[in-house]
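Notes follow once the structure below has been shown.
Naming: A, B, ... by sequence-line order, numbering from 1 per chain. Values in this document were obtained by computation on a predicted structure and should not be read as measured data.
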2 protein chains.
Amino acid sequence: MLHVAEAARVSVATVSALINGTATVSPELSQRIEQAIRDIGYKRNAIARSLKMGTTRTIGLTVPHITNPFFTDVVSVIQQAFDRAGYAVMLCCTDEDLNTQDDQIRLLLDRMVDGLIVARVGDGAILKGIVDDANVPVVLLDRICEGVDTDTVVLDNQRAVFDAITYLINLGHRRIGYITGTSDISPMHDRMAGYREALHAAGLPIAEELIRFGNFHEIDGYNATMQMLSSHDRPSAIFSANNPMVIGTMKAIRDIGLSCPEDISVACFDDFPWSDVFQPQLTTVAQPVQAIGEQAANLLLDRLAGNRDAPPRKLVLKGRLMIRNSCRPLGAMAQSVSA
Amino acid sequence: MLHVAEAARVSVATVSALINGTATVSPELSQRIEQAIRDIGYKRNAIARSLKMGTTRTIGLTVPHITNPFFTDVVSVIQQAFDRAGYAVMLCCTDEDLNTQDDQIRLLLDRMVDGLIVARVGDGAILKGIVDDANVPVVLLDRICEGVDTDTVVLDNQRAVFDAITYLINLGHRRIGYITGTSDISPMHDRMAGYREALHAAGLPIAEELIRFGNFHEIDGYNATMQMLSSHDRPSAIFSANNPMVIGTMKAIRDIGLSCPEDISVACFDDFPWSDVFQPQLTTVAQPVQAIGEQAANLLLDRLAGNRDAPPRKLVLKGRLMIRNSCRPLGAMAQSVSA
DNA sequence: AACGCTAATCTAAACGTTTCGATCGTGTCA
DNA sequence: TGACACGATCGAAACGTTTAGATTAGCGTT
């Protein structure tokens, strides 16, 4: 900018005024300055600007795994929304690891992001501490966090799983396996509650051996399914609380020589684009990813626009059961139909 | 830092020296300073540091669509690699749009990223111009770019498709439909070349009505497939040059009342995690996503480490044909076997 | 002609670091 | 004891902006 000012024989203040439109500058000078900018190929240094202005027009986004199709879609929507608003997005993946998450949030805060969207991991205490003393707005995505009281957008996970399990029960299933991630994050906790609630509402017993914990990955779903299917009294249906794990479930069913839905019914959380075209077409709980991403972005953009003191807003969206052909009616249902 | 210096009764220079380890500072002062840092909760301002140092320890990454599983995986790998190296990653999605891409690259350059990894879109001229006068290292990912001579990591697309089409020919297929994206990007161009080469090598004619252009999306694959299947002389196999479009192909096959592989064989470019478990299990060309992401990251990290003057390096990786059950042998093959 | 008002422009401080060169003790050696 | 080197510390400039406040010129009023 100094060079531009010299070339145009004006002060840097005038150049700044012209570029930002913060003051009127005469036509002659404007022209000289614009010419100089073109000649020199001047580009404003956003770092210096950020330093002076105290804002970077950049936000930080952390998700556990970008390869999980749910997060892929949400990241995509959020990225687009902020791109439209002229913000850049710094993306971090925590790999479901608590320490990684904290490091990355610190990394983002160090870089003076103007705001943060976090699909958190584990205990909220550290997150809370980190976020409290950096003074940036935070919106929590997909996962609520006990300690930290801030804008949040989540799904009504309990209700969504309740509906899915109830659907299975209505099909006649009585022994329904349930594969979940570690329950230290709210969606896993709430989904499990939905499972228990549905069984309870139907007057069915909860068999603890049918509840298996994994670590969100395909291999965990595989192992859990193997264990359940090798038992003497195997379930007639399996619900997987996340999407990568259901792939493991399907592989286990195949490897053990059974087939879905003939021998065992399967449903899972999170829809994916292939659900419709391959067999079996999986019955899933679809999250409104577009809405989730947009709402999260809007909440943060609103804070960034200056609305800092409004009380925390909690958005709870509804899931939708996508019924396809991976769950078959059992005898019990035929009876209830004929009854 | 000023506050820390005052609280510790030292100069800011000493605080900086301690924090960065750039000079020895006595134990007493070290202790006073560290105490002050804790008391105040001081965090170094990375923006100010970037301004002074001329480096942001941030890189920019642009991809066409993060929801395309190939890019999802590559982004994930790259993000991890730079995270390990202490860099942040700014992610942009160009939506296969030329203007968007240029805007986003400018956005990233404005923010003084130290380097750029670009899966470019369209013509390279503008990209070249933008990149030339910003003086940052660039690595091109997945797509070469005629004008710009820089580090590149791509697949041997022609060979990969040649192999896949040859596989279909060996199964006895003679009329093989080909669905591609617009050929102004190198992978689409090269893959098409592989298709033509394979037919030519087998002495088969190239039927132009069996080559359909789409815009990378599911709907384009759907339309293209519909057109081909409604013709009086429909192909016995279809190869889709990208992954989202093959979903459209499968939907079209279903909607038209045919089934794969009984009535029509299908193969496509890019593998995905579900390929193994649902029916039909799609025969695909798998890209070594892990290697692609790591190599791209390494090339850029090497430049960032100071190796600026080395000549551009071009890495060409090999695809792998994953043969599953979506392509069936035709009569012609039985003949050639019995011959 | 003196005055005040407005619009255009400029000067200089500030943002929070890093770093060069200067300063100041202290100990060593001749 | 004086010269000298060395280690520790500091002062101040610089990075490239923004912006408050000062300055200047032009113009209409009285």
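- B:D83 and A:Q104 share a donor-acceptor pair across their side chains, judged by distance under 3.5 Å alone.
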Report, as a single string ordered 5' to 3', how protein heavy atoms within less than 4.0 Å touch nucleotides 12-23 of chain D: B base, S sugar-phosphate only, - not at all.
--BBBBBB----
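- The interatomic distance linking B:L18 (CG) with C:dT17 (P) rounds to 14 Å, in whole Å.
- The CG atom of A:D110 lies 4.0 Å from the NZ atom of B:K43; values are rounded to the nearest 0.5 Å.
- A:L29 has its CG atom 17 Å from the P atom of D:dT24, to the nearest Å.
- Environment of NE2 in B:H189: sparse, with no more than 12 heavy atoms of neighbouring residues, nucleotides or ligands closer than 6.0 Å.
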Generate the contact string for nucleotides 22-28 of chain C. Rules: B means base contact, S means sugar-phosphate contact only, - means no protein heavy atom under 4.0 Å.
-------
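- Between the side chain of A:S50 and the backbone N or O of A:A46, at least one donor-acceptor pair lies under 3.5 Å.
- Taking all atoms of both residues into account, the shortest heavy-atom contact from B:A119 to B:Q101 is O-OE1, 4.3 Å.
- Between B:H3 atom NE2 and C:dT17 atom P there is a gap of 10 Å when expressed in whole angstrom units.
- Side chains of B:D39 and B:Q35: a donor on one and an acceptor on the other come within 3.5 Å.
- Looking at A:T152, A:D302, A:T150 one by one, the single match for side-chain hydrogen bond (donor to acceptor under 3.5 Å, both in side chains) with A:R313 turns out to be A:D302.
- Using modelled atom types, one finds no donor on one side chain facing an acceptor on the other under 3.5 Å when comparing B:R308 with B:N135.
- Taking side-chain N and O atoms only, B:S26 has a distance below 4.0 Å to OP1 or OP2 of D:dT9.
- For A:T24, a side-chain nitrogen or oxygen approaches OP1 or OP2 of C:dA8 to under 4.0 Å.
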